[in-house]
Structures are given as C-alpha cells and as structure tokens.
Amino acid sequence: MSAQSVPASADVVIVGGAAIGSSVAMHLAADPGFAGSVVVVEKDPTYQFSASALSAASIRQQYSSPVNVAISLYGIGFLREIGERLSVDGDRPDIGLHEGGYLYLAGEAGAPVLREVNALQTGMGADIQLFDPPGLQARFPWLDTEGVAAASWGRSGEGWFDGWGMMQAFRRKARSLGVVYVDDEVTAVEREGGRVVAVRLAGGGRIACGALVDAAGASGGRQVAAMAGVDIPVVARKRCVFAFTCRGEVDGSPLVIDTSGVWFRPEGRRGAEGQMFICGGPPSTPEADDEPDAGRDFEVEWSLFEEVYWPALATRVPAFEAIRPGRAWAGHYDMCTLDHNAIVGRAVGAANFYLATGFSGHGLQQAPAVGRGLAELVAHGAYRTLDLSALGHERIVENRPLLERNVI
C-alpha cells in the first residue's frame, strides 16, 4: 500500500497482522459496543516467516495454570465453530481440525505433577485421561513404555489444525468488517506523556491513533514495545520441525510428548508410502536458549534430527527405527524469557498501549481467546468474558513469573 493511501488516523492501530493481530482486529470490528476504526500494519504481507505460517498448529488444555486452561477451552470451541464464526458471504473456512489429543509421558519424577495438574484440568471441564503404564500400553500398543510412570491424554478438545488457514480466515473476516490492512513497517512510536499518539511508517506515512496494540510477534514485538518506551523480555527462539514417513503401524497416534521433550504427531492421511509424521523438540542443549535473539536465522539444524530427535523417537516407538526422512523447516517462538507465557494487556506506564506478544509457541491456539479478551479491554476498559489479567505486563515489571508445570 502506498504512503498516499495510508489512513491519517485510526481509533486503534495494531502492529502485526498474523493470527494474533488479525484476531484482535476481527473481534474489535465485530464488537457491537465498538464503533471505531481499526488499522493493521503488517511489514510482510506474505507472512512467510510468521509463526502462524511455520507453526505445527496445535491446541491443548494440558496446562497447570487456570488462565491457560480457560484460554484453550474457549479456543477449541471457537475452532470447532470457525466455519460459522468467520464465514464471509456464505464462504465458510475449513481448518481441518483433528482432535487427536496430546499424550504427555512422564517418568517417576514427573508423574506426581501430571496427576496433580490433571485435577485442575478436569475440574475446569477439560477431557483429560490419566494412564498407568499397563493402561497406556493397552491404549497405544505401538508405544514402548520403558521409563514411563504415568501418562496424560486429551481424549477430546486437543489436537491440530491448519494454522495458516485460521490466520487467513481471521484476516478475511476482519477485512469484511471494515478493518484496513497497511503493508508497511512501523519505525517509530510517538508518545505524549503517558500515552501513545501515533506511529510512523517506513514508507513515510504517519497514523495518529487512540490506542496501539503490539502484536508484532517474534520478529518485532520487543522492538515495537521499545519504540513506545516499554521493555519486555521477548526474544526470537528458533525451533526446527522435521517430517518423516513410517511404513509401520502407528495407528491413532496423538501428538506425543516424550519424557525426553521430543514430540511427534501424524500429518495427513496414511498413503501408499506409509504415514507421514512431523516431529520437533527442545534445542540441542539447554544453553541454546540463552543465546541472543535468533533474528533472521531460519536455517534448519539437520543434526538435531539425526543425533537427538530420531534416536528418542525410535526408542519410544519401535516402528520409527525404519523411516524415510522428508522435508524440514525452522520457525521462531516469540519467547517470553521470564516464564514462557504470553504478555497480554495494557502496558505499565502507557495507558493506551496494549501488548499481545511473548506467546512462546502457544500463539495460534491462544489467538481466539486473546483476540476476544484484548478487544474487550481496548473497547470497554475491562475484560468481560474471560479474565486474562494473570498474563498482564504487571507480572513482568514485578518479576512474578507465571510458571507452567507441564511435564516436558
């Protein structure tokens, strides 16, 4: 979009137009109590390097904090109804939601935590089943249970979907409701006292705003906040995903998170060559996550698969000893280094500057609830349907981590 067509002002400017930013935009525009204008500024309209495009796109309720469980319970309901909720002129999006579940495997040390958080999850309405080793072996006979003391499986409400399709559905719905998308990059944020008043763009434009939302993700969330005078501990952390095909029978596999932290799940239907899977896991060493921001590093670390992931997979699933490796890609988490949880809500010290960043790999599954909640906060000054204050910026300023106890 040329500078000449950039709106001079908007009631709300959102920086970042992928899943989070477009969900906020759509929910604002759909709110009957909000009659303002919304502009989304997106520096890369191809979205090729966005987390929304490169994510494994899954959803779970197996968290240990109530706010994250509640976010995902709302999220699965939204995804189940996305065809109706985000339809435009009778065109209903289909994101291929597959509720295959998450299966967490825990050793002796992690088993008590798995049982404890299960009480929270099921108490809030999540459909999560616990297994002892014999029960796990009976349910998933292709799994080697050596070293597993307990397991937790989402029988429904958990699984995976087309993240790119969800993002595009949010964007299309937002546009149909009058949201304007500007293809440009925010290079400066103007403040007067404790308020943001405008953003300046690389193309030369300036947009005055009544409120500013930072949904710039791993590639810009911290930078946009800094422009507004707000410091947040969000950095880009690289994660690699590898595809492989297995001829052996691994029927009805959920997304499995091994005791090693390596995960895998099916991708698509079984074909003549076998069943395709994708897998990933932690970096090669814990110290890798202490390195500087990953920046523009999207190079695949092929040695991770050969030296770390495949050995763990073949140990856990004997059928994976014989596989055919496939493609791979690298993407970024917008990692909140304080506690690996999102930073959502009004920024401390800037009354009309809102944060939606630091999702640490959970952005796609949290986009429906966070978009709705942040839209309520911007439009009405308070959360109305789901209180997201536990994810607020205040915990960052006060150094109060919201730690998850999921066993990985």
Side-chain angles (χ1 to χ4, degrees), residues 7 9-17 19-41 65-68 70-71 73-75 77-78 85 170 173-174 177-180 186 189-199 207-216 221 224-225 227-232 234 336 341-359 363 366-398 400 402:
S9 65
D11 292 289
V12 181
V13 170
I14 300 170
V15 187
I20 296 292
S22 288
S23 177
V24 175
M26 188 284 294
H27 281 93
L28 267 173
D31 190 325
F34 177 78
S37 56
V38 181
V39 171
V40 176
V41 181
S65 58
V67 66
N68 283 330
I71 284 172
L73 286 170
Y74 174 79
F78 188 99
R85 289 174 179 260
F170 272 128
K173 185 68 172 182
L177 295 171
V179 174
V180 174
V186 171
V189 174
E190 297 180 14
R191 282 186 58 160
E192 291 181 1
R195 297 184 64 83
V196 169
V197 296
V199 295
I207 309 175
C209 56
L212 180 64
V213 177
D214 179 3
V224 171
M227 293 176 200
V230 175
D231 181 36
I232 55 174
V234 175
C336 173
N341 270 304
I343 309 171
V344 178
R346 188 180 287 109
V348 174
N352 63 337
F353 180 47
Y354 298 85
L355 299 167
T357 187
F359 287 89
Q366 297 192 329
V370 168
R372 180 187 66 167
L374 203 52
E376 291 172 350
L377 188 61
V378 172
H380 307 288
Y383 295 119
R384 289 187 164 186
T385 51
L386 177 59
D387 185 0
L388 303 179
S389 58
L391 299 176
H393 185 223
E394 292 81 4
R395 85 178 194 280
I396 307 297
V397 174
E398 298 166 9
R400 292 186 289 103
L402 176 67

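Just so it is clear, the model here is predicted, and its values are computed rather than measured.
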Practice problem: Apply side chain to side chain contact (heavy atoms under 4.5 Å, CB included) to the pair V186 and V13, showing each step before the final yes or no. | Solution: CA-CA 11 Å; V186 171; V13 170; 5.7 Å; no
Might you point out which heavy atoms bring [X] and [Y] nearest each other, and give the distance in Å?
X: L377; Y: G345; result: CD2-CA, 3.8 Å
X: G36; Y: D11; result: CA-OD2, 3.1 Å
X: L386; Y: R372; result: CB-NH2, 3.4 Å
X: A174; Y: S22; result: CB-O, 4.3 Å
X: H393; Y: V230; result: CE1-CG1, 3.6 Å
X: S37; Y: S9; result: OG-O, 4.5 Å

Distance in Å, [X] [atom1] paired with [Y] [atom2], rounded so as to fall on 0.5 Å steps:
X: S65; Y: L391; atom1: OG; atom2: CG; value: 7.5 Å
X: Y383; Y: L374; atom1: OH; atom2: CG; value: 6.0 Å
X: E190; Y: R195; atom1: CD; atom2: CZ; value: 14.5 Å
X: D31; Y: H380; atom1: CG; atom2: NE2; value: 3.5 Å
X: L212; Y: M227; atom1: CG; atom2: CE; value: 10.0 Å
X: K173; Y: S23; atom1: NZ; atom2: OG; value: 13.0 Å

Decide yes or no for [X] and [Y]: does some side-chain heavy atom of the first lie under 4.5 Å from some side-chain heavy atom of the second?
X: H27; Y: F170; value: yes
X: I14; Y: V179; value: no
X: V38; Y: V24; value: no
X: Y74; Y: T385; value: no
X: C336; Y: I396; value: yes

Quiz item: Only one of V344, V224, I232 forms a side-chain contact (heavy atoms from CB on, under 4.5 Å) with T357, so which one is it?
Solution: I232
Quiz prompt | C209 and its side-chain contact (heavy atoms from CB on, under 4.5 Å) partner, picked from N352, V189, V196, V197 | solution = V196
Practice problem: Evaluate whether atom CZ of R384 has more than 12 neighbouring non-hydrogen atoms of other residues, nucleotides or ligands under 6.0 angstrom away. | Solution: no
Quiz item: Does atom CD of E192 have more than 12 heavy-atom neighbours, drawn from other residues, nucleotides or ligands, at distances under 6.0 Å?
Solution: no
Exercise. Using atom types as modelled and distance alone, determine if a side-chain donor or acceptor of D214 lies under 3.5 Å from a backbone N or O of L355.
Key: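 Here the side-chain-to-backbone pair does not exist.
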